[in-house]
Every structure is written in structure tokens, then in C-alpha cells.
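Just so you know, ligand 1 is whichever comes first in the structure, and atom 1 is the first atom listed for that ligand. Positions are given from 1, in the same order as the sequence printed here.
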Amino acid sequence: MQPLSLPREPAAHSFVAQGAGASFVASLSVDRRLAAADVAGDLAHVAMLQAAGLLTRQEAKQVAAALRDCLSEIEAGTFPWDEALEDVHTNVEARVIALAGRAGEKLHAARSRNDQVVLDERLHLRLAIEGLLEAILPLQRALLRQAEAAGPAIVPGYTHLQRAQPILLAHALLAHLWRLSRDADRLYDAFLRVNVSPAGAGAVAGTSLPVDPQIPAALLGFDRAFANSVDATSDRDFLVETTGALALLAVHLSQLAEDLVLASTEEFGLASLADGGVAGSSFLPNKRNPDVPELVRGTAGGVIGDLLALLALLKGLPLGYSRDLQAGKASAFHAIDATSGALAAMADVVAGLRFQDRAAAIAPAESAALLVEYLVRKGVPHREAYETVKSHLPAIAASRDEPSALASLRAASRDFDEGAVALLRPSVAVAAVASPGGTGPEAVAHQLLEAEATLGRQSYHINLIAKKNRRISDLLSGEAGP
Ligand code: ARG
């Protein structure tokens with residue numbers, strides 16, 4: 001007997017590029033990593049379609065089940081990826097249609113890949129920012145632990161890479177911690193603008209279908225929905241901001257890396273790296289090279305490049321989606337991967353650092369500024385005190401013991417006495433610094449507490465983000481949504 005109707009052809013995706021150019025326009029190799037975000041966005045979209053009466057409850061359940069099956073297949077590595085379908089969005093949609101049939105064909109109503117890709121990118125970035133903020137903390141904790149362990153240890157403080165004034169080792173280590181803390185703040189700040197939902201913007205104008213963008217926005221844990229569909233689909237400033245924060249983070253990591261490379265040379269002799277941070281030479285059996293810090297230092301170049309690539313991509317684009325935008329993803333992803341890897345590597349390197357006590361190598365001349373201040377405190381005008389110290393410094397610095405130092409100092413000024421002699425000792429010099437935020441032991445002890453509190457604030461920010469991001473995982477797991 002003849003069937004009543006012929007089996008339907010599966011839905012065609014006639015819009016995907018055909019022929020020789022097909023693999024050039026495909027973005028699957030890059031955007032595959034958006035798969036979970038894509039499925040989450042699809043689930044929220046299903047809820048919006050159902051609320052609009054465009055999917056029945058039954059259809060919504062069916063499509064949602066197909067979407068969650070897709071996710072299982074993706075996670076199990078059995079998903080039938082097809083590059084001919086261009087991107088992750090069309091791959092997932094095609095699979096949903098294969099699994100859910102006609103109901104699946106209703107999925108793409110009231111949306112376009114133009115709003116879909118931004119939705120995926122924003123969801124993915126939310127998770128990535130959470131991960132990056134999590135990854136900054138262990139490095140900061142390693143710096144903080146080293147600073148606490150450093151106690152009264154003193155290192156030369158440099159300007160122009162010339163010895164300037166002795167400082168506490170803890171003070172130097174904490175300088176790097178504060179930079180990273182601002183990097184975390186910048187990422188958190190970027191998150192606030194990343195976390196705006198473009199779902200429901202359509203291709204450029206919105207849609208004539210009665211959908212409510214607040215529904216996917218709320219389900220996915222976005223802070224709000226877009227205000228303008230053209231803006232929502234065509235700007236990528238959120239990628240630039242995040243990548244910009246990462247470029248600066250990578251620069252800060254490169255500076256920390258450089259300090260460690262220098263500190264671990266025989267010439268500086270300030271620190272040694274644990275075995276995990278170094279590599280040998282295939283030719284020179286005597287070598288112990290700081291390969292990990294060097295690679296971290298090199299990472300910054302690529303991430304700065306990512307930021308420049310994004311800015312150059314966006315410059316001059318007309319309003320509305322243009323396919324150029326597809327290329328921006330790779331830059332942001334590379335920036336995320338590169339900085340995550342560098343953060344993890346640096347946390348290990350810093351935790352494994354061992355410092356050498358080099359206070360004895362600090363020259364009396366490095367107390368020069370404090371000698372000037374000694375006179376200033378006695379009422380000598382600063383400029384006069386400066387010239388007095390400067391002209392007598394060679395003699396003061398050459399003194400072999402404290403009595404001769406006192407003689408040289410008193411030859412310079414009758415205002416100098418034993419107190420000034422003591423300043424020539426690095427520990428006294430450091431202890432003499434009294435200004436808040438300076439290297440004096442009291443200020444540094446205060447700084448250690450402040451640093452601890454700042455890490456607490458960063459953790460609080462991570463919790464705020466994690467709470468919003470949990471909406472995404474709840475949707476994927478079926479805890480929430482259709
Ligand atoms: N793969 C595309 C991208 O990453 C998705 C959007 C395509 N939109 C279009 N109208 N061709 O941007």
C-alpha cells in the first residue's frame with residue numbers, strides 16, 4: 001500500500017555557502033567552543049517562542065530534549081559535526097531538526113544567526129571571565145604568601161634599573177599583586193557590559209513575531225536585555241573591552257616574568273626558580289634557563305596583537321552585521337587561552353620561588369635620599385640638603401666603619417649625628433620610611449592586611465558572577481527552563 005504522504009525531506013540549509021568558497025566562510029573550527037553557549041541560548045529561545053505561542057508546550061519539550069541530547073553528544077564527542085554547515089549554530093540547529101523533526105524546524109523563528117552569535121559570544125565570555133578571575137587569585141595568593149614569608153628581607157629598589165633605595169622584598173612582591181588586582185577589577189567591570197542579552201534582536205530590525213526579549217535575558221542570568229537591535233547585533237565592544245583587559249593583564253604578567261628572569265640571573269642573584277619553572281639546554285649542561293617566565297613574557301605580544309586585530313576589524317564597519325565580525329572571535333579566544341595559561345604557569349613559578357638574602361650587598365650610597373631627609377627634618381632646605389649629601393656622598397660611601405662614616409657625615413653637615421650613621425644600614429633605612437604605602441615595615445604590614453581584604457573582595461565579585469552563570473548551567477541541565 002502507498003503511504004498517505006511521502007516522507008519529508010529533512011530541512012535544507014540553503015543559506016550556507018556552497019562550492020569552493022564554503023570552507024573559507026566556515027567558522028566551525030573556531031566557534032565549536034561556543035557549543036554549550038549555543039545550546040543554552042537555544043533553550044532560552046525555546047522558552048521565548050513558547051511564551052509567544054509559537055511553540056506548543058509539547059513542541060517546546062521536544063525541542064528542549066533534542067537540544068540537551070545535542071549537548072550530551074557534544075560532551076561525549078559523538079556529535080556529527082559538519083563543516084559544510086558553516087558554524088556551530090547551524091550544526092546544532094540541523095541536529096535538533098534531525099532529532100525533533102518538524103518541531104525542530106520551528107526553532108529558528110524570531111531570530112537570526114546575527115543575534116545568535118552575539119548571544120553565544122556573550123555567554124561564553126561570561127564563563128571565561130569567571131574562569132579568568134578564578135585564575136588570577138592563585139597567582140595573587142602565591143605573591144601574598146611569598147610576601148608574608150619574606151618578613152624583614154630587603155632587596156634593592158630600582159628606578160631606571162639602577163639601584164635607588166632599599167625596599168622590603170614584601171613591598172616589591174605586593175606591587176605585582178596590586179596590578180593584578182586592578183586587572184581583575186577591569187575584567188569584572190567588563191563583565192557588567194558583557195552581561196547584556198542580545199536575544200530577540202533578530203538580524204537587524206527585531207521581529208514581527210510577538211516575542212519578549214526579557215524572557216531569554218532572565219532565564220540566562222543576564223542583567224538586562226539589549227536596547228537597540230542594530231547595536232546589539234553589530235557591535236563587538238564587549239570583546240574589545242575583555243581583550244583589552246586581558247592585554248593589560250598579559251603586560252603585567254610579562255613585567256612580573258621579566259623581574260623573575262632578572263632576579264634569577266647570577267648578576268642579580270636575588271631569587272632562584274624551582275625546577276618547574278626552568279628548562280635545561282640541549283647543548284650547555286651548565287644551563288638552567290627561566291623558560292616559563294620567558295614564555296609568559298612572550299605571551300603579551302600575542303595578546304596585544306589580539307586587541308589590535310579586534311580594533312582594526314571593527315574600524316570603519318557600517319551599521320548592521322557584517323561577516324567581518326566572524327573573525328573577531330578567534331582573537332578574543334586566543335587572548336583568553338593565552339592569559340589563562342600564563343596565569344596558571346606564573347602561579348606555580350611564584351609559589352616555587354626561593355629568595356636569597358642580599359641585604360649585605362646593598363651599598364650605603366642607597367641611603368642617600370634618607371640622609372637628605374635627615375637634614376630636611378632638622379630644618380635644612382631640601383635643595384641645600386640634596387647638594388650637601390651629593391657632594392659628600394663619595395666620601396660617606398667609602399667609609400669603612402661607623403666612626404669614619406660619622407666623620408665623613410659631620411664633615412658634610414654638623415646636623416648629622418649617630419642617627420644618620422645608622423641610616424647607612426639597609427634595615428634602618430627601610431625602617432625609617434614612615435609614609436603610608438611606602439616600604440616601611442608598618443606600612444607593609446598594613447598593606448598585607450589590605451591585600452588580604454582585596455582578595456576577599458575579588459572573591460565576592462567571582463561569587464556574584466558565578467551566581468549569574470549558574471543560570472546557564474541550570475538551563476543546560478534541565479534544572480530550569482523548558
Ligand atoms: N558564523 C557567523 C559569525 O560568526 C554567524 C553569523 C552569520 N550571519 C550571517 N548573516 N551570515 O559571525
Side-chain angles (χ1 to χ4, degrees), residues 11-42 44-45 67 70 74 79-97 107-128 194 196-207 209 213 216 226 228-240 242-243 306 309-337:
H13 289 93
S14 60
F15 54 85
V16 296
Q18 312 287 327
S23 75
F24 179 69
V25 302
S27 55
L28 186 62
S29 60
V30 173
D31 60 29
R32 245 168 95 145
R33 78 157 79 187
L34 295 176
D38 198 73
V39 172
D42 286 353
H45 185 70
L67 281 164
C70 281
I74 290 161
F79 187 88
W81 294 108
D82 182 1
E83 218 207 11
L85 292 173
E86 280 189 17
D87 53 30
V88 66
H89 325 293
T90 309
N91 267 272
V92 170
E93 189 198 346
R95 186 69 185 142
V96 168
I97 292 171
L107 174 61
H108 206 61
R111 76 170 181 192
S112 149
R113 281 185 297 166
N114 298 354
D115 58 346
Q116 203 181 349
V117 66
V118 194
L119 176 60
D120 291 8
E121 287 172 359
R122 286 178 182 271
L123 288 171
H124 187 75
L125 244 62
R126 283 171 45 178
L127 299 165
V194 167
V196 177
S197 173
V204 61
T207 166
L209 295 169
F226 67 98
N228 178 310
S229 60
V230 187
D231 178 42
T233 47
S234 61
D235 206 351
R236 294 293 183 273
D237 52 358
F238 63 98
L239 288 183
V240 174
T242 306
T243 306
D306 295 327
L310 266 170
L311 288 168
L313 182 80
L314 298 183
K315 181 196 169 295
L317 281 188
L319 266 186
Y321 177 87
S322 295
R323 194 66 178 259
D324 314 43
L325 294 171
Q326 175 167 294
K329 282 187 289 261
S331 305
F333 294 167
H334 175 263
I336 291 165
D337 292 347

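- In terms of modelled atom types and a separation under 3.5 Å, the side chain of D115 and the main chain of S112 share a donor-acceptor contact.
- Counting protein heavy atoms only, atom 11 (N) of ligand 1 is closest to R323 NH1, 3.4 Å.
- Close approach to D87 involves these atoms of ligand 1, each under 4.0 Å from a residue heavy atom: 1 (N), 2 (C), 5 (C).
- Nearest protein neighbour of atom 10 (N) of ligand 1, counting heavy atoms only, is N114 OD1, 3.1 Å.
- Shortest non-hydrogen contact noted between V117 and N114 is CG1-O, 3.6 Å.
- For E86, no heavy-atom contact with ligand 1 is shorter than 4.0 Å.
- Listed by number with element, the atoms of ligand 1 under 4.0 Å from a non-hydrogen atom of S27 are 1 (N).
- No side-chain heavy atom of L28 sits under 4.5 Å from any side-chain heavy atom of L85.
- With rounding to the nearest 0.5 angstrom, the NE2 atom of H13 is 12.5 Å from the NE2 atom of H89.
- Of all the heavy atoms of Y321, the ones lying under 4.0 Å from any atom of ligand 1 belong exclusively to the side chain.
- Looking from atom 1 (N) of ligand 1 to the surrounding protein, the closest heavy atom is Q326 OE1, 2.8 Å.
- Of the residues listed (D120, V118, L119), the one engaging R122 in a side-chain contact (heavy atoms from CB on, under 4.5 Å) is V118, and it is the only one.
- Contact check on D337 versus R33 returns a salt bridge, with a Lys/Arg side-chain nitrogen under 4.0 Å from an Asp/Glu carboxylate oxygen.
- Dense packing is recorded around CG of L317, with more than 12 heavy atoms of other residues, nucleotides or ligands lying under 6.0 Å away.
- Residue contacts with ligand 1: V117 is included, with a non-hydrogen atom under 4.0 Å away.
- Contacts with ligand 1 closer than 4.0 Å are made by side-chain heavy atoms of K329 only, the backbone lying farther away.
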